[in-house]
There are 2 protein chains.
Amino acid sequence: MAQRGSYAKGVAKREEILERALDVIAREGYRGASVKEIADAVGLSQAGLLHYFDSKEQLFTEIIRKRDEHDHVDFSVSDGAAGREGLLRVIAHNAQVPGLVELFSRLSVEAADPAHPAHDYFLERSRGLREGIAAATASSLPGGIDPDTLARIVQAVVDGLQLQWLIDPSVDMVGTLEVLLDALSSMNTPTGALDEALDGVLDDQRSAATDA
Amino acid sequence: MAQRGSYAKGVAKREEILERALDVIAREGYRGASVKEIADAVGLSQAGLLHYFDSKEQLFTEIIRKRDEHDHVDFSVSDGAAGREGLLRVIAHNAQVPGLVELFSRLSVEAADPAHPAHDYFLERSRGLREGIAAATASSLPGGIDPDTLARIVQAVVDGLQLQWLIDPSVDMVGTLEVLLDALSSMNTPTGALDEALDGVLDDQRSAATDA
DNA sequence: GTCTATACTCTGATAGAC
DNA sequence: GTCTATCAGAGTATAGAC
């Protein structure tokens with residue numbers, strides 16, 4: 001079902017466009033990319049590209065959504081090592097694709113407007129992240145930090161480090177994040193509840209990504 | 001000296017423009033503010049406003065620089081309670097002025113381009129922040145974190161929380177930051193070296209702001 | 001489904017009068 | 001120093017042919 005001729009083709013083409021756009025931005029960077037530039041890159045005219053998306057804002061929102069899907073597949077599930085290590089691998093990968101980081105950061109700000117298509121997506125993404133940590137930690141953070149707050153802190157550090165790194169690429173995002181995670185886990189529980197907590201994170205991110 | 005007729009007036013007017021622009025953005029928010037909108041707000045034509053600034057980018061960069069000056073005066077020096085409390089007060093104030101936070105976040109991303117006028121300013125600002133913490137802590141972080149890394153983490157959390165708050169204003173920036181600072185200081189030294197460390201932060205930020 | 005062509009809006013920037 | 005007027009350009013979105 002749900003594969004009736006032109007509809008299915010439209011969806012497939014749409015996915016193909018997103019894959020290509022993602023690849024181009026990752027390899028060539030985001031230099032204030034316009035719809036026309038993306039169109040050229042994927043081999044369509046500007047009008048042809050917008051046939052598949054309502055607007056530029058929606059197009060870029062979908063590109064970021066697609067990236068989240070990739071991150072989950074590539075860094076969390078493939079070898080079974082999710083959680084802390086998965087998160088660190090995502091960050092390490094980000095350091096290879098400044099264009100995607102810039103697009104993400106830009107959207108993060110523009111999505112402040114509740115009318116922006118990425119607004120709800122970011123809300124949902126953030127909520128999934130927090131719930132993942134909260135659920136995984138449950139009652140296992142003895143003298144520690146509220147799981148919800150912990151999640152916000154980790155998310156904030158990741159996003160903030162990206163901003164610093166965009167301006168100064170010599171910033172070591174992975175190393176800095178590791179220092180923080182080490183510090184926080186050492187005070188939560190001797191058995192490293194934080195690490196376990198993070199195991200649920202990316203799974204929930206995936207859910208958020210495909211749901212919304 | 002340095003007060004020769006038209007030159008002095010030009011400088012004074014420039015400062016007045018920045019003050020006004022700052023006030024307007026703080027009160028009415030930043031809704032993709034254009035040069036024309038700022039011009040209207042300060043009672044000049046667009047051309048009249050650009051007479052004082054080379055470009056839109058420079059104008060906005062100066063506005064942010066002016067804000068840093070205000071933050072320092074209003075929240076760090078006035079009552080002698082600098083450091084941790086000063087930082088928390090700045091964040092609490094930020095929660096009252098979404099327009100300024102949005103402008104700052106937007107510039108943070110756009111300044112990734114080395115040609116952007118705010119690029120060097122952000123580099124300098126960040127450097128001053130780190131040096132402040134490093135100098136204040138010196139050799140007083142026993143089993144703790146490298147001062148430079150600590151500074152990056154604190155800065156990242158502040159910036160990242162602002163991104164979250166822009167999308168969801170219910171986010172408690174101050175409370176979340178306090179949790180992190182409490183956690184970090186409890187593990188550094190029994191006497192709270194982190195708090196002392198932060199005492200040097202905003203002073204250095206001022207230096208950076210006026211230098212560059 | 002895709003393209004060409006175009007319309008329209010904004011915005012930043014400049015020239016030149018006063 | 002400030003304004004009016006204007007320009008040039010980018011960029012999105014739409015109309016309509018094929």
Side-chain angles (χ1 to χ4, degrees), chain A residues 3-21 24-25 28-63 102-103 106-107 109-111 113 115-118, chain B residues 3-21 24-25 28-64 99 102-103 106-107 109-111 113 115-118:
Chain A
Q3 200 174 353
R4 257 305 192 34
S6 62
Y7 176 74
K9 174 153 187 250
V11 171
K13 179 81 177 184
R14 209 178 127 110
E15 294 302 299
E16 184 197 322
I17 289 172
L18 293 177
E19 295 290 353
R20 287 255 226 160
V24 168
I25 295 176
E28 301 182 10
Y30 172 95
R31 330 161 298 280
S34 64
V35 174
K36 165 140 180 39
E37 281 176 295
I38 303 288
D40 291 347
V42 303
L44 281 179
S45 71
Q46 187 230 26
L49 173 57
L50 280 187
H51 172 71
Y52 295 94
F53 302 90
D54 294 338
S55 66
K56 170 195 178 170
E57 292 179 338
Q58 201 217 340
L59 166 62
F60 283 123
T61 303
E62 293 299 322
I63 292 175
E102 182 169 351
L103 173 58
R106 198 168 287 261
L107 271 188
V109 180
E110 286 167 3
D113 178 359
H116 194 289
Chain B
Q3 201 173 356
R4 260 295 192 44
S6 63
Y7 177 71
K9 179 161 186 244
V11 171
K13 178 81 177 184
R14 209 178 127 110
E15 294 302 301
E16 185 198 321
I17 289 171
L18 292 177
E19 295 290 354
R20 289 254 226 160
V24 168
I25 295 175
E28 300 181 9
Y30 172 95
R31 328 162 300 279
S34 64
V35 174
K36 168 148 179 38
E37 282 177 294
I38 303 288
D40 290 347
V42 303
L44 281 178
S45 70
Q46 187 228 29
L49 173 57
L50 280 187
H51 173 71
Y52 294 94
F53 302 90
D54 295 338
S55 65
K56 170 196 180 170
E57 292 179 338
Q58 201 218 339
L59 167 62
F60 283 123
T61 302
E62 293 299 320
I63 291 175
I64 284 298
E102 183 169 350
L103 173 57
R106 198 170 286 262
L107 271 188
V109 179
E110 286 167 3
D113 178 359
H116 193 289

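To find a chain, count down the sequence lines: A is the first, B the second, and so on, and within it residues start at 1. In this text the structure is predicted, and so the values were computed from the model without any measurement.
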A.B. asks: With a 4.5 Å heavy-atom cut-off, do B/L44 and B/I38 have their side chains touching?
C.D. replies: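 No. Closest side-chain heavy atoms not under 4.5 Å.
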A.B. asks: Pairs in or reaching into residues 42-61 of chain A: which pass salt bridge (Lys or Arg N to Asp or Glu O under 4.0 Å), with residues at least two apart or in two chains?
C.D. replies: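 Not a single pair qualifies under salt bridge (Lys or Arg N to Asp or Glu O under 4.0 Å).
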A.B. asks: Report the distance from atom CZ of A/F53 to atom P of D/dT12, rounded to the nearest whole Å.
C.D. replies: 14 Å
A.B. asks: Tell me, do B/I63 and B/Y30 make a side-chain contact under 4.5 Å, heavy atoms counted?
C.D. replies: no
A.B. asks: Strictly by salt bridge (Lys or Arg N to Asp or Glu O under 4.0 Å), give each pair with a member in residues 29-52 of chain B just once, sequence neighbours left out.
C.D. replies: B/R31-B/E37, B/K36-B/D40
A.B. asks: Check nucleotides 10-13 of chain C against the protein and report each pair of N or O atoms closer than 3.5 Å, with its distance, or say if there are none.
C.D. replies:
from	atom 1	to	atom 2	distance (Å)
C/dG12	OP1	B/K56	NZ	3.0
C/dG12	OP2	B/V35	N	3.0
C/dG12	N7	B/Q46	NE2	3.0
C/dA13	OP2	B/K56	N	3.0
C/dA13	N7	B/Q46	OE1	3.1
C/dA13	N7	B/Q46	NE2	3.2
C/dA13	N6	B/Q46	OE1	2.9

A.B. asks: For the residue pair B/L49 and B/I17, establish whether any side-chain heavy-atom pair is separated by less than 4.5 Å.
C.D. replies: yes
A.B. asks: Drop me the distance from A/S45's OG to A/H51's NE2, to the nearest 0.5 angstrom.
C.D. replies: 10.5 Å
A.B. asks: Please report the distance, rounded to the nearest Å, between CG in A/L59 and P in D/dA13.
C.D. replies: 10 Å
A.B. asks: Expressed as a whole number of angstroms, how long is the span from B/H51:NE2 to D/dT4:P?
C.D. replies: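 So the NE2-P distance, B/H51 to D/dT4, works out to 16 Å.
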A.B. asks: Rounded to whole angstroms, how far apart are CG on A/D40 and P on D/dG11?
C.D. replies: 12 Å
